[in-house]
Peer 1: 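Just dropping this structure here.
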Amino acid sequence: MKKKQKNMKNKQRILIASDIHLCHIDWYGVPTEERMERFVRHVEEEYAKEPFEALLLLGDYSLDHWKWNIKGCWLTEGKSNTRTFAKTYVSRLKKLGVPIVMIAGNHEQYGEALWTELTGYHRRDHLVCGELLFIFPDTFGADLDPTEHSDGTYCGVDVDFVKKIMAEYPDKKVILCAHHFAPERESEEFRTLVKEEKRILCLFGGHVHRSNVVELGEAWGNKVLLYTGNYSYNTGKEADAEISFWGFRDLKIDSDEWSSCYITPENTAVIDGKEIHHPHGVQDEYFSK
Ligand SMILES: [Fe+2]
């Protein structure tokens with residue numbers, strides 16, 4: 001991975017978060033509402049420290065649709081934590097005055113009409129931000145409004161959608177953001193687009209709850225997929241919690257140079273029965289040149 005400090009002057013900054021999961025589970029000894037409060041406060045504090053031009057939310061605000069255990073609360077009790085997240089917490093973040101995008105994750109299998117009613121946003125979207133064009137395909141946009149409990153159906157990128165938006169903004173640099181990109185399950189057409197289209201700088205994805213950066217290799221034009229971590233739990237053992245502790249990614253860009261890091265604000269929690277103090281940190285940084 002390329003790692004080099006850059007002193008970018010006219011940079012734009014964007015903040016990207018995912019997998020926040022307002023639900024019935026209190027991970028790491030912190031009540032879920034308290035965790036939501038911390039998420040909002042930490043985003044606000046990040047803005048105060050170094051303002052960003054847009055906030056991109058890449059899905060999984062809830063466990064409204066969920067295959068396991070007590071199952072998803074939308075089908076069992078008609079309760080939408082996604083709606084609560086939008087109305088209570090995103091509403092507060094709107095006060096920052098920057099554009100916000102809120103796409104759906106695999107635990108939000110609401111069809112577009114219901115998604116818009118519950119959140120005021122779209123399942124898939126795009127956002128122009130200065131020289132940048134963010135495109136948000138809906139890679140879990142199949143089998144929506146289900147009547148059975150599931151964790152969603154991965155359908156991959158609708159390449160026509162991406163190409164259409166790119167054609168509308170022929171001069172913009174493109175960043176692709178989705179709740180999840182599974183490169184091995186993607187179409188040849190999408191891989192070719194990412195490989196050959198120089199305007200596509202990189203991909204951001206959530207879902208895996210980790211913050212690492214994956215080099216996609218020559219077949220993908222040596223582009224990278226940057227994971228956006230979580231503000232809920234790490235997958236795997238509880239002891240893995242600190243691999244990608246609660247946080248979010250930023251993207252900084254100045255003409256042809258860009259960088260991104262995963263930011264973990266100062267936090268406290270209980271992991272494997274032990275109280276931990278997680279200091280403010282930065283990890284999994286990536287520099288484009
Ligand atoms: Fe998630």
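Both counts, for ligands and for their atoms, begin at 1 and track the order of listing.
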Peer 1: With sequence neighbours left out, which residue pairs that include part of residues 164-174 fulfil the salt bridge (Lys or Arg N to Asp or Glu O under 4.0 Å) condition?
Peer 2: Glu131-Lys173, Lys164-Glu168, Lys173-Asp256
Peer 1: Per the side chain to side chain donor-acceptor pair (under 3.5 Å) rule, what does the pair list look like for residues 65-79, sequence neighbours excluded?
Peer 2: Trp68-Asp151
Peer 1: Protein N, O or S atoms at less than 2.8 Å from the Fe ion (ligand 1), how many?
Peer 2: 4
Peer 1: Among Phe245, Tyr61, Phe39, whose side chain to side chain contact (heavy atoms under 4.5 Å, CB included) with Tyr231 holds?
Peer 2: Phe39
Peer 1: May I ask you to say whether Arg38 pairs ionically with Glu33, meaning some side-chain N is under 4.0 Å from a carboxylate O?
Peer 2: no
Peer 1: For a 4.5 angstrom cut-off between non-hydrogen side-chain atoms, does Val213 reach Arg249?
Peer 2: yes
Peer 1: Tell me every residue that passes ring pair (Phe, Tyr, Trp, His ring centres under 6.0 Å) with His209, counting only those two or more places apart in sequence or in another chain.
Peer 2: His21, Tyr233
